[in-house]
Amino acid sequence: MAVTGAVLVLYLVAHVVGNLKIFYGAEAFNDYAHWLRHVGEPAVPARTVLTLVEVVLAVSVILHMWSAVTLTRRASKARPVKYAARRKTQASGYAVHTMRYGGVVILLFIIWHLLDLTFATVNPAGPAGLPYDRLVQGFAPERWPVTLFYVVALVMLGLHLRHGVWSAFQTLGLANGRSYRPLKIVAVGLSLVLVLGFLSVPVAIAIGVIK
Amino acid sequence: MNFTVGEPLIDTKAPEGPIEDRWDKRRFAAKLVNPANKRKLNVIVIGTGLAGGSAAATLGELGYNVTSFCYQDTPRRAHSIAAQGGINAAKNYRGDGDSVHRLFYDTVKGGDFRARESNVYRLAQVSANIIDQAVAQGVPFAREYGGLLDTRSFGGAQVSRTFYARGQTGQQLLLGAYQALERQIAAGTVAMHTRHEMLDLIVADGRARGVIVRDMVTGEIERHLADAVVLASGGYGNVFFLSTNAKGCNTTAIWRAHRRGAMFANPCYTQIHPTCIPVSGEYQSKLTLMSESLRNDGRVWVPLRKGDDRPAGDIPDDERDYYLERIYPAFGNLVPRDIASRAAKNVCDEGRGVGPGGLGVYLDFRDAIGRLGRDAVEQKYGNLFEMYERITGEDPYSQPMRIYPAVHYTMGGLWVDYDLQSTIPGLFVIGEANFSDHGANRLGASALMQGLADGYFVLPTTIGDYLADGPYGEVDEGAVAEAEIAVRGRIARLLSVNGTRTADSYHRELGKLMWDYCGMERTEESLRKALERIPELRAEFWQNVKVSGEADELNQALERAGRVADFFDLAELMCLDALHRTESCGGHFRAESQDADGEALRDDENFAYVAAWQFQPEGGPVLHKEKLDYDYVKMSQRSYK
Amino acid sequence: MNLTLKVWRQKTPDDKGRMVKYLVQDVSPDMSFLEMLDVLNERLILEGDDPIAFDHDCREGICGMCGMVINGVAHGEQRATTTCQLHMRHFEDGATVTIEPWRAAPFPVVKDLVVDRSAFDRIIQAGGFVSVPAGSAPDAHAVPVKKDDADAAFDAATCIGCGACVAACPNGSASLFTAAKITHLGLLPQGQPERDSRAKAMVDQMDLEGFGGCTNTGECTAVCPKGIPLDTIAQMNRDYLKA
């Protein structure tokens, strides 16, 4: 859980940095997208690095899900009889209780996201469109339900990271009593930065800042 | 109840010679068991507290085939876990003049010259090994910045010999023993039976050969046979119903052994602890001890005037009676446990007690907070204040604590010789269950020391001397069947009464009676009254108790009823012992025997003996006296004025 | 005060069990929670009913034997408190109180509120000790221990083995219990020789018993009567990964 999560978080950081290029204009963004596909050339053929990244990501996602499913199944096996009284959480932090359904929401989102902006099968610009056009048309004001879905999913992602980031340190034995506070602050900060960073693009398009 | 006086009792195992060589001598003289034979020798251990847990673990390590029982769901729950203060040991790490001899001296004197010199000396010798053992097990004793062990002085001792782990020394030591025990369970040398209660001892051909136990989950009556039986079932303070003991603590194991022939020594010696949280109502189920250390800074007082029911804060200083400081100006609030307890009882008897029912005195930190500041007081006693607040709902920073004495420890127990063997061959008794080391009064932080000394170091050596002559062969089936039938009969009888009062309600009444008539202060009159009333109440119990449920299930009502039935019998013997001992000594205060200052007055000429009582089915018990000689400590009268 | 109790009743381990409603009257606010149940049980016995079975012993918060889930919270809502130390003054007159046993597959119900926690003993058996036979110890001052280490070890060692951590954990994990012992012994020099093997054996046994996995929810430490800190689990993970 922790190791695959860490891989995914690192990817998200790179992802958001790339996304923000859109604020430099269409050309900058399309060039960046082009570069992604050709990085490493001519030492390696086109798309080598990108494919490697995609494979690592896919494996991480699958292992992350597999761990989550295993943990959930172990948990329900460990408590076959549920409590009659409504459980009241005693620990601080609501984020921790969103991990499982939040994870499912994020998974659905990723599927949509790939169909929308990677394969562009559900994108108005279509597979032939340039990356910049896919974005601008995908989040056009009249497509607000899509944008809303993105917002919800990204908020879930934020909550997921808020618990996930510090939790990874704990699981890997890298945390101790004194580092809890800084770690949690880092977790909140990182989640906020990522969520805001990711949100800025669709929101900017939806309200017409980027056309 | 009448008694007769029998032959004097002599400890045949005690070696002669200089006191410092006796344990070495005994160890050398004790026969050894061939390692190859140990596996064939079965030992049963009842109880898993400091004594029983450490004994079972150590016997397992030595290679014996051990079977251990406890009534709790795991051995780690035994009530040794609740000991707060610490454990004494003659390490002299402070260089403050402590020594084996001084610990020995203090213990004999503290016991008011009613303990055996040889036993106490051995206890003091072994004490140092206990600390080594516990530290090696990982017991996290308090340490100083230099990394060495911290010690403190405890219970008025003049040297700093008490090792401690915050206020949870008993817990940490017990977990050490528990972990050693679990290690042996994993190794297969100890078979552990939790939720099992011993209900009878099997004695065949004059030897202890096993026990009858009840599986408290299924109700099944089981027989377990062995070459030797070790009782480590703790004290009997719960005869008073309210005590600082755990709810489950009971006398059944030792009482059943007593009825099978093990003599019961000094049953009347009970220790009352002065600083407990008072009773708050009829429903009260137990009393909670507050560490004695509170008296270092708290001042004890009651209103000067009878029936003064103003809140403590509204009573001006000149209308308060700081009675300990008034009566004992030299020691003030730090007088020994029994004196502080009795003084509290006296002012309450005068009608000046505070709180519900007038059974409490104030322990006031106002001056300490004024002098040291709230922070310093919190630093020192924070956890105790919190515990007090949790139980009473009162804030001890803003209003004084209320305290009252409560039964805490029983010095009496089954009689054992120097080898810790009872008068039944093959039956060994260790820890609080025996009578051996504390005389008439136990010093603070000495109970943990004795339990572990017996379990880790003394018993494993001495039991070998007995087992070397084993295995003892087949056990006579007749004896086993007889014990089993007796147990089944008693259970059936309890279930068949079907009366109108619960066992707890009888226990409560018995406890009140014992507290009033055989508690802190005893008189011939009160004891005679108790001896009249106990048989009546017992008869009523057997005719009118209501035990619901069945024998073959988890039945907590049945468990309690069985224990209460045995408490009745024990209570009677306690009162008889208290009545016959017309002197005052240690925890036994006879109002008739006090000096001009109201101090306990011993009668060494007539009572320098251990009173060992032998059970007889008819005609009352037989008293056997074991004379106590003091060659190394001069007998003296204590005074704290 | 008067209360309505909804209590889990289950006659035997195989019985299906159900919640049963009881009215208790004239409850004193100074009663402990268990004393309130005592009073109810006295009544049940006299009515010829089966009293509610519950585990308890020392009633001063240290033996770890008592434990029930009160209104959905292990040991009740008061922090750092065992059930026996919980007092009725924390409840409102007329309230309904739900009382259930610890719920976890490795803690099967024996009867009513009594559960079998022997899984904890087996975790200790797997390695929760220092192998030092009686009489073989060196002098206690032979190895100094840093005060900070001794204090931290003590904090972990105060675990009373009550099982509230398991009861509260949404995953039914025993990580806090196991970690407390691994941390206690792992912080002391005396525990070093067996440190790696201990962590591995204890964690493996914990999994074998059927406890769930830890997802760092922190529910365990929140209900722990002794406030065993969550960083013991990080320590356990560290030692386990190293082993």
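As a basis for the values below, the full set of heavy atoms in this structure was taken, side chains included, without hydrogen atoms, waters or symmetry mates. Residue numbers begin at 1 in each chain, while the letters A, B, ... track the order of the sequences.
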Nearest heavy-atom pair of C:Pro144 and B:Gly146: which atoms, and what distance?
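Looks like CB-O, 4.0 Å.
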For [X], is it the side chain, the backbone, both, or neither that has a heavy atom closer than 4.5 Å to a heavy atom of chain B?
{"X": "C:Val132", "value": "both"}
{"X": "C:His141", "value": "both"}
{"X": "C:Ile160", "value": "both"}
{"X": "C:Leu46", "value": "both"}
{"X": "C:Ser118", "value": "neither"}
{"X": "C:Val115", "value": "backbone"}
{"X": "C:Arg89", "value": "side chain"}
{"X": "C:Ile123", "value": "neither"}
{"X": "C:Asp49", "value": "backbone"}
{"X": "C:Thr12", "value": "neither"}
{"X": "C:Asp121", "value": "both"}

Yes or no on side-chain contact (heavy atoms from CB on, under 4.5 Å) for C:Thr158 and B:Arg166, after CA distance, side-chain angles and deciding distance?
CA-CA 10 Å; C:Thr158 55; B:Arg166 246 170 268 176; 5.9 Å; no
Are B:Arg143 and C:Lys146 close enough, and set up right, to give a side-chain contact (heavy atoms from CB on, under 4.5 Å), and what steps lead you there?
CA-CA 8 Å; B:Arg143 290 189 180 259; C:Lys146 270 196 345 202; over 6 Å; no
Show, in sequence, the C-alpha distance, side-chain angles and deciding distance for B:Tyr283 and C:Val27, and conclude whether the side-chain contact (heavy atoms from CB on, under 4.5 Å) test is met.
CA-CA 10 Å; B:Tyr283 47 80; C:Val27 174; over 6 Å; no
Counting only N and O atoms by type, is there a donor-acceptor contact under 3.5 Å from the side chain of [X] to the main-chain atoms of [Y]?
{"X": "C:Asp57", "Y": "B:Ala246", "result": "no"}
{"X": "C:Asp30", "Y": "B:Ser280", "result": "no"}
{"X": "B:Arg77", "Y": "C:Gly64", "result": "yes"}
{"X": "C:His184", "Y": "B:Gly138", "result": "yes"}
{"X": "C:Lys147", "Y": "B:Glu144", "result": "no"}

B:Ser285 versus C:Glu35, side-chain donor and acceptor atoms under 3.5 Å
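Yes - a donor-acceptor pair under 3.5 Å links their side chains.
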Looking only at the side chains, is there a donor atom on one of B:Thr74 and C:Arg117 sitting less than 3.5 Å from an acceptor on the other?
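No - no donor-acceptor pair under 3.5 Å links their side chains.
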Going through the checks in order, is the side-chain contact (heavy atoms from CB on, under 4.5 Å) test met by B:Gln72 and C:Cys63?
CA-CA 10 Å; B:Gln72 300 90 342; C:Cys63 78; over 6 Å; no
salt_bridge([X], [Y]) N-O dist < 4.0 Å:
{"X": "C:Asp55", "Y": "B:Lys247", "result": "no"}
{"X": "B:Glu182", "Y": "C:Arg122", "result": "no"}
{"X": "C:Asp139", "Y": "B:Lys91", "result": "yes"}

Within 6.0 angstrom of B:Glu550 CD, more than 12 heavy atoms from elsewhere:
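Count not over threshold, so no.
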Please report the interatomic distance CZ(C:Arg43) to OG1(B:Thr502), rounded to the nearest 0.5 Å.
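Rounded to the nearest 0.5 Å, the CZ-OG1 separation comes to 13.5 Å.
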Looking at C:Leu188, C:Thr81, C:Val110, which has the largest count of heavy-atom pairs under 4.5 Å with chain B?
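Of the options given, most contacts go to C:Thr81.
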